[in-house]
*Asks:* 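Sharing a structure with you now.
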There are 2 protein chains.
Amino acid sequence: MALRHAVLAALLDGEYSGYQLAKGFDIGVANFWHALPQQLYAELAKLETEGLITGREVVQEGRPNKRLFRVTDEGLAEMERFVARAAKPSFIRDDLLVKVQAVDGVAAGPVIEQLTERADMADAKIELLEKLLVKLRGGAGEDEFLRTGERVGPYLTCLRGLAFERESRDWCRRAAALLSERAAVERGRGRGAASARGDRPLG
Amino acid sequence: MALRHAVLAALLDGEYSGYQLAKGFDIGVANFWHALPQQLYAELAKLETEGLITGREVVQEGRPNKRLFRVTDEGLAEMERFVARAAKPSFIRDDLLVKVQAVDGVAAGPVIEQLTERADMADAKIELLEKLLVKLRGGAGEDEFLRTGERVGPYLTCLRGLAFERESRDWCRRAAALLSERAAVERGRGRGAASARGDRPLG
DNA sequence: GCTTCCATGTAAGAGGTTACATGATTGG
DNA sequence: CCAATCATGTAACCTCTTACATGGAAGC
């Protein structure tokens, strides 16, 4: 199974509702897993019937009631077994990289646009992650927190996410700039006949 | 659809058999997509019946015959449409990060081991990617190649993959060292009673 | 003789995505 | 009044993974 351990790992931090997890999967937990709300609700229901988590109803005023979940002892034991198993190699699947791979054969304009958008999104996420890190380590400095703080797990995954987003942003900007420059050069040489599809004059 | 555009992008480089793609998905193309051999054979068959690629039989001596595929004009048009569409945000799914997220609640030993293994795997991949980059740029320097070379797409995706693997390796090593140190401190304080599960003396 | 490499698949089942549904409350 | 937020799902479909199958040639 797959999502299940990511959900359990997220719930080790404390009690969360499906809705909160769905939001949280955009920031902290999104550094190691990605899931849609429907998936989370379904997985929470399954985990509860299997006794790995328990939910309690929380009555709210002015807004719908919610169910908060926490990991049971059985859930923790399942996590223990999961951690002891060999990890599968991670994998990336990224539409945008597929487009960059193909950029020499197709129009570069949309690729450049999408690289720029992605870089901006990375910037936004970097800001969020930096704030989250400050919050996680409380008053302490990073080295001190990592040596003596409790719950370094979430901090370490956030550090990984932050490094990833920074690399992503820098690469996107560099690739976008480069492709723009090449497109400009090509326009200069093309003089009406050349297209983005590599049919440059004389080959 | 998903794999299909990754396969088309890979085939823009030249002719490949399913077997070669299955190997290649370990190095260059693996930087943006991950797929198993069965998936590739199935996808190639589908793409061929839809006319987006064509295969030709190549008879070999001393080994089984193979079918090499290349992208058709229709396939290129499909790629053009794909590139023009908005890209979905990329996502990571990594068992190992899930384990690190949970490390404060479970035994840290296996996590440290797996982080070390992952770092070693990253080292191996970094070597492969560096060689691939040298090969792709031929005699030229990187900046020169990126400005004037043909087919910068594959080069750019490899650069991204290389940066990713380096970050991954550094983070794994740092996290492993840190968790080892914390485990040693805990053993020193525990004197027989404390386990890895956070039940330290006096809380 | 055993293993590895080349080369290609099938079938079943787990997991993930897309589209759609509901209903109350707060803010512009 | 319209949109967004909170809160939770169902159903159909697509995609991916796991397990298994085949068969010849080369290397130890």
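Since the structure is predicted, the reported quantities are computational estimates derived from the model, not experimental observations. Within every chain, numbering begins at 1; the chains are lettered A, B, ... in the order of the sequence lines, protein sequences first and strands thereafter.
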*Asks:* Using a strict 4.0 Å threshold on nitrogen-to-oxygen distance, state whether R56(A) and E15(A) make a salt bridge.
*Replies:*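 Salt bridge: yes.
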
*Asks:* So, are E50(A) and R4(A) salt-bridged, with charged N and O less than 4.0 Å apart?
*Replies:*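 Here E50(A) pairs with R4(A) in a salt bridge, since their nearest N and O are under 4.0 Å apart.
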
*Asks:* Contact class for K46(A) vs. all strands (heavy atom < 4.0 Å): base, sugar-phosphate, or nothing?
*Replies:*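 No contact.
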
*Asks:* Return the value, rounded to whole Å, for the distance between atom CD of Q60(B) and atom C1' of dA7(C).
*Replies:*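 One finds 9 Å between C1' of dA7(C) and CD of Q60(B), rounded.
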
*Asks:* Hey, is E142(B) close enough to R174(A) for a salt bridge, meaning N to O under 4.0 Å?
*Replies:*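 Yes, charged N to carboxylate O under 4.0 Å.
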
*Asks:* Mind calculating the distance between CD (Q39(A)) and C1' (dA14(C)) to the nearest angstrom?
*Replies:*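 In whole Å, dA14(C) C1' lies 12 Å from Q39(A) CD.
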
*Asks:* By nearest atom, which of the nucleotides dT8(C), dT17(C), dA19(C) is closest to the S17(B) side chain?
*Replies:*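 Selected nucleotide: dT8(C).
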
*Asks:* What contact category does R93(B) fall into here, base, sugar-phosphate, or nothing, at under 4.0 angstrom with non-hydrogen atoms?
*Replies:*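 Counting heavy atoms under 4.0 Å across all strands, the contact made by R93(B) is with sugar-phosphate only.
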
*Asks:* I'd like to know if R147(B) and E144(B) make a salt bridge, using a cut-off of under 4.0 Å between side-chain N and carboxylate O.
*Replies:*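 Answer for the salt bridge query: no.
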
*Asks:* Compute both the distance and the angle, then confirm whether R160(B) meets the cation-pi test with F164(A): under 6.0 Å from the six-membered ring centre, within 45 degrees of the axis.
*Replies:*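 Yes, a cation-pi geometry holds between R160(B) and F164(A).
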
*Asks:* Specify the residue among E43(A) and Q20(B) whose closest nucleotide of DNA chain C lies further upstream toward the 5′ end.
*Replies:*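 Nearest-nucleotide comparison on DNA chain C picks Q20(B).
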
*Asks:* Provide, to the nearest angstrom, the distance between the OH atom belonging to Y16(B) and the P atom belonging to dT8(C).
*Replies:*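 Checked: the OH to P distance equals 15 Å.
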
*Asks:* In whole angstroms, how far is the P atom of dA14(C) from the CZ atom of R4(A)?
*Replies:*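 Rounding to the nearest Å, CZ of R4(A) and P of dA14(C) are 12 Å apart.
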
*Asks:* Using whole Å, report how far CG of L36(B) lies from P of dA14(C).
*Replies:*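 Rounded to the whole Å, the gap is 17 Å.
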
*Asks:* Report yes if the side chains of Y16(A) and F69(A) come closer than 4.5 Å at any heavy-atom pair, otherwise no.
*Replies:*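 The answer is no, as the side chains (C-beta and beyond) never meet within the 4.5 Å cut-off.
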
*Asks:* Starting at atom CZ of F25(A), determine the distance to atom P of dT17(C), rounded to an integer number of angstrom.
*Replies:*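 One finds 12 Å between P of dT17(C) and CZ of F25(A), rounded.
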
*Asks:* Please tell me which of the listed nucleotides, dT8(C), dA19(C), dG23(C), lies nearest to the side chain of Q38(A)?
*Replies:*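 Out of dT8(C), dA19(C), dG23(C), the nucleotide with an atom closest to Q38(A)'s side chain is dA19(C).
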
*Asks:* Measuring to OP1 and OP2 of dC5(C), would you say a side-chain N or O of K66(B) lies under 4.0 angstrom away?
*Replies:*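 Checking dC5(C) against K66(B), no side-chain N or O comes under 4.0 Å of OP1 or OP2.
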
*Asks:* How large an angle, rounded to 10°, do the end axes of the helix from dG1(C)-dC28(D) to dG28(C)-dC1(D) enclose when each is built from five base pairs?
*Replies:*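 The end-segment axes of the helix from dG1(C)-dC28(D) to dG28(C)-dC1(D) are tilted 40° relative to each other.
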
*Asks:* Is the distance from OP1 or OP2 of dT8(C) to the nearest side-chain N or O of Y41(B) less than 4.0 Å?
*Replies:*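 For dT8(C), OP1/OP2 do have a side-chain N/O of Y41(B) under 4.0 Å.
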
*Asks:* Is it true that D94(B) and R118(B) have a side-chain N and a carboxylate O under 4.0 angstrom from each other?
*Replies:*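 Answer for the salt bridge query: yes.
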
*Asks:* Given atom NE2 of H5(A) and atom P of dG16(C), what is their separation to the nearest angstrom?
*Replies:*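 Rounded to whole Å, this separation is 12 Å.
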
*Asks:* Within 45° of the ring axis of F82(A) and under 6.0 Å from its six-membered ring centre, is that where the NZ or CZ of K99(B) lies?
*Replies:*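 Relative to the ring axis of F82(A), which defines the angle, K99(B) lies inside both limits.
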
*Asks:* Please list, in 5' to 3' order, the outermost nucleotides of DNA chain D lying under 4.0 Å from any heavy atom of chain A.
*Replies:*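 The contact span of chain A on DNA chain D goes from dT5(D) to dT18(D).
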
*Asks:* Indicate whether any N or O donor in one side chain lies under 3.5 Å from an N or O acceptor in the other, for Q20(A) and S17(A).
*Replies:*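 A pair is found: one side chain offers a donor N or O, the other an acceptor, under 3.5 Å apart.
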
*Asks:* Is it true that F145(B) and Y155(B) have ring centroids separated by less than 6.0 Å?
*Replies:*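 Yes: the rings meet the under 6.0 Å criterion.
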
*Asks:* Round to the nearest Å and state the distance from Y19(A) atom OH to dG23(C) atom P.
*Replies:*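 So the OH-P distance, Y19(A) to dG23(C), works out to 18 Å.
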
*Asks:* Go nucleotide by nucleotide along DNA chain C from the 5' end; which of A2(A) and R63(A) gets its closest nucleotide reached first?
*Replies:*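 Going by which nucleotide is closer to the 5' end, it is A2(A).
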
